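The basis for the numbers below is simple: all heavy atoms, side chains too, and nothing from hydrogens, waters or symmetry mates. The sequence lines fix the lettering, A, B, ..., with proteins before strands; numbering per chain opens at 1. Remember, it's a predicted structure, so these values are computed and weren't measured experimentally.
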Amino acid sequence: MAGKGIRIEGLKKRYGSGDTAVDALKNVDMQVPPGEVVGLIGPSGSGKTTLLKCLGAVIEPTAGRMTLGDEVIYDDEWKVGDLRALRRDKIGFIFQAPYLIPFLDVTDNVALLPMLAGKSNAESRQRATELLQALDVEHRAKAMPSQISGGEQQRVAIARGLVNRPPVILADEPTAPLDSERALAVIRILNQMARQHETAIIVVTHDEKIIPTFKRIYHIRDGVTYEEAGEGRGFE
Amino acid sequence: MISLAGRDIMHAWGKFVFTGVGLGLLIGVTLSMAGIYRGMVDDGKALLDNSGADIWVVQKETLGPYAEPSSIYDDSWRGIRSMPGVARTANITYLTMQVRHGDRDVRTMVTGITAGGPGTPGWPPYLVAGRHITRGHYEAVADIAGGFKLGDRLRIRRNGYTVVGLTRRMVSSGGDPMIFIPLKDAQEAQFLKDNDAIRQQRRRTAANPAFNRPQVPGLVDSVIASQSTNPYVNAVLVQIEEGHDADGVAESIRRWKRLTVYTRSQMEDILLGKLIATSAKQIAMFLVILSIVSAAIVAFIIYTLTLGKIREIAVLKLIGTRNRTIAAMIMQQAIALGMIGFVVGKITATLLMAPIFPKYVLLEPLDSVRGFVAVVVICILSSIIAIRAALKVDPAEAIGG
Ligand SMILES: Nc1ncnc2c1ncn2[C@@H]1O[C@H](COP(=O)(O)OP(=O)(O)O)[C@@H](O)[C@H]1O
Ligand SMILES: [Mg+2]
């Protein structure tokens with residue numbers, strides 16, 4: 001994607017209706033150029049996860065506009081027919097909890113995504129192995145998820161989010177269970193990915209260790225975003 | 001692409017094999033049930049085949065000799081023998097009873113066969129050991145299903161018999177082993193009263209002035225003699241001549257002799273349609289119930305296994321797995337479970353259940369194929385509930401709060 005990254009304009013999301021309605025997103029404006037890792041910070045309940053879910057085409061927003069690269073995916077309604085293919089081909093997810101597939105070993109948990117996208121088993125595993133190496137869990141490649149530590153699981157989940165080289169990566173508290181050295185390694189890899197593959201990356205975080213690394217930060221409070229220049233210069 | 005179903009099964013193989021074995025035992029019972037039905041049909045056909053008869057002549061308006069009692073005079077065969085198209089006739093008696101063998105009782109069908117040789121209607125067509133009956137009295141040919149051996153002594157009513165020959169698969173339609181004895185002995189056995197009854201009857205006859213007439217010496221003796229013989233048999237077996245049509249011959253016997261006559265196919269209808277019809281229905285009901293229970297078990301297990309994977313399914317959906325792939329994963333697991341069950345069931349039915357069942361269990365390959373197809377279909381249908389649940393899973397669940 002010789003893309004323009006992510007653009008979100010006037011995005012709104014209301015859960016439920018009537019008396020019990022919750023306006024989780026009231027007015028979200030965001031722009032993430034390709035090749036950049038942007039931080040999203042806000043208190044609990046401010047709408048961070050809701051925003052990632054909308055952008056990840058997992059839940060439907062109420063109004064607004066979202067553009068991935070050249071493609072308008074949402075403009076008061078979905079503009080893409082096959083949301084699952086959109087997620088598979090365009091979006092990498094890294095969740096708060098790793099949620100690995102318990103019956104696949106570490107390598108295949110990662111390799112499953114390129115396989116689903118139609119790549120050969122050999123090529124898929126090759127890509128998985130490279131990422132596992134970069135994330136320092138390659139020595140557990142044949143282990144089952146239940147046999148590795150929480151930190152290792154999180155790194156495998158990160159590899160899974162990156163393996164299809166999606167133009168957009170959405171990460172929800174990716175470094176929470178990691179020590180500072182490993183957390184910084186993850187951010188380094190995300191920055192590398194961003195630069196190499198022109199990826200636009202949003203990282204939701206509370207993590208003091210990594211906040212200083214962002215060039216640009218969005219704050220969200222009660223469903224409204226505010227932009228702020230970060231102190232970091234990324235990883236050069 | 002890797003097989004998600006296969007990996008999941010390998011991961012939780014203990015659970016799979018365990019439930020597969022449980023299901024297998026159920027399938028084994030189902031296959032044995034079908035086998036018992038087939039065995040009953042086969043027993044019935046074997047009985048008809050082994051009798052060597054083309055036509056059965058029985059007491060008027062009865063379904064004899066297998067499905068109802070029938071008795072006709074033991075000289076009726078003479079008239080039947082002279083009918084056109086009749087090649088051979090033979091009297092026959094059947095009496096289902098307990099026979100004393102050493103210190104145990106065996107339920108058997110004692111068959112009285114006329115003097116003659118192999119090939120005579122009613123005679124066992126072949127022996128697996130020993131020889132045919134050659135003497136007029138107290139020799140028996142018995143089926144090995146009753147646990148008899150050559151030289152064994154049997155007690156039928158008051159008389160002792162020596163087993164001189166052994167047959168295989170000579171059984172009644174109820175599966176009881178047959179014992180062949182000379183017709184005269186069999187007629188006597190059917191009629192025989194105990195000593196007290198005989199003595200009492202003699203006394204009553206002698207006391208009856210109608211029989212005990214001083215001016216007719218010997219009358220009372222001949223009356224008593226006629227009272228203590230049995231001039232009846234249960235049926236006359238008829239073989240027809242080459243080139244004659246069984247239905248035609250049967251019809252002419254029916255018309256001229258005023259007896260009831262059945263051809264081979266009519267007899268088969270009586271055996272299958274009347275004698276074992278109730279048992280067959282009972283077995284069919286069992287088959288239906290067992291199929292429903294199996295389906296419920298497969299459905300429940302697959303549903304439970306799927307509910308245990310809700311989060312993984314949400315993740316699979318989130319990362320773009322197609323519904324088709326997820327449905328295939330669940331259905332393949334259901335089929336795999338069914339296959340394990342079928343293999344276990346087939347093995348238990350063949351090696352475990354069939355040999356220990358007292359009745360003949362005939363496991364027909366075609367029934368196995370049908371059973372296999374039924375298992376697969378049941379598994380596919382049972383997985384639908386689980387698939388519907390899986391397709392409802394919201395990928396948002398994978399992201400959490
Ligand atoms: N499925 C839902 N239904 C109703 N309300 C929800 C739902 N998910 C989140 N919310 C509400 O929306 C607001 C934003 O939640 P969320 O996006 O999870 O916040 P954050 O991730 O920043 O903690 C909260 O008030 C939350 O209670
Ligand atoms: Mg959250």
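Only the side chain of Phe93(A) comes within less than 4.5 Å of a heavy atom in chain B; its backbone stays farther off. Heavy-atom distances place both the backbone and the side chain of Pro102(A) under 4.5 Å from chain B. Within the 4.5 angstrom heavy-atom criterion, only side-chain atoms of Lys309(B), from C-beta onward, approach chain A. Contact of Asp89(A) with chain B is not made at all, since no heavy-atom distance falls under 4.5 Å. Using a 4.5 Å cut-off between heavy atoms, Ile101(A) touches chain B through backbone and side chain atoms alike. Heavy atoms of Arg311(B) lying under 4.5 Å from chain A belong exclusively to its side chain.
When the shell of 6.0 Å around CZ of Arg14(A) is examined, it contains 12 or fewer heavy atoms from other residues, nucleotides or ligands. Counting non-hydrogen atoms of other residues, nucleotides and ligands closer than 6.0 Å to OH of Tyr15(A) gives a total above 12. The 12-atom threshold is exceeded at OH of Tyr360(B), counting heavy atoms of other residues, nucleotides or ligands nearer than 6.0 Å. Counting heavy-atom neighbours within 6.0 Å of Lys79(A) NZ, excluding the residue itself, gives a total above 12. For Arg107(B), the CZ atom counts as densely surrounded, since its 6.0 Å shell holds more than 12 non-hydrogen atoms of other residues, nucleotides or ligands. More than 12 heavy-atom neighbours from other residues, nucleotides or ligands sit within 6.0 angstrom of NZ on Lys142(A). Around the OH atom of Tyr37(B), the shell of radius 6.0 Å holds no more than 12 heavy atoms that belong to other residues, nucleotides or ligands.
In this structure, the separation between CD1 on Ile2(B) and CG on Asn121(A) is 7.0 Å, given to the nearest 0.5 Å. The distance from atom NZ of Lys119(A) to atom CE of Met1(B), rounded to the nearest 0.5 Å, is 14.0 Å. Here the CG atom belonging to Leu116(A) is positioned 7.5 Å from the CG atom belonging to Leu4(B), to the nearest 0.5 angstrom. One finds the CG atom of Leu104(A) at 9.5 Å from the NE2 atom of His11(B) (value rounded to the nearest 0.5 Å).
Across all non-hydrogen atoms, the minimal contact from Val58(A) to Pro395(B) is CG1-C, 3.8 Å. Taking both residues in full, the closest heavy atoms of Lys317(B) and Arg87(A) are given as O-NH2, 3.0 Å, listed atom of the first, atom of the second, then distance.
Interface residues of residues 319-343 of chain B toward chain A, defined by a heavy-atom distance below 4.5 Å and sorted by number: Ile319(B), Gly320(B), Thr321(B), Arg322(B), Asn323(B), Ile326(B), Met329(B).
At least one side-chain heavy atom of Leu318(B) sits less than 4.5 Å from a side-chain heavy atom of Phe95(A). Proximity of Arg7(B) to Leu112(A): side-chain heavy atoms (C-beta onward) are nowhere separated by under 4.5 Å.
Counting heavy-atom pairs under 4.5 Å between each of Asp108(A), Ile59(A), Leu83(A) and chain B puts Asp108(A) at the top. With chain B as partner, the option from Lys48(A), Arg88(A), Arg84(A) having the largest number of non-hydrogen pairs under 4.5 angstrom is Arg84(A).
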Chi angles and distances behind the side chain to side chain contact (heavy atoms under 4.5 Å, CB included) call for Phe103(A), Ile9(B): CA-CA 8 Å; Phe103(A) 51 82; Ile9(B) 292 172; over 6 Å; no
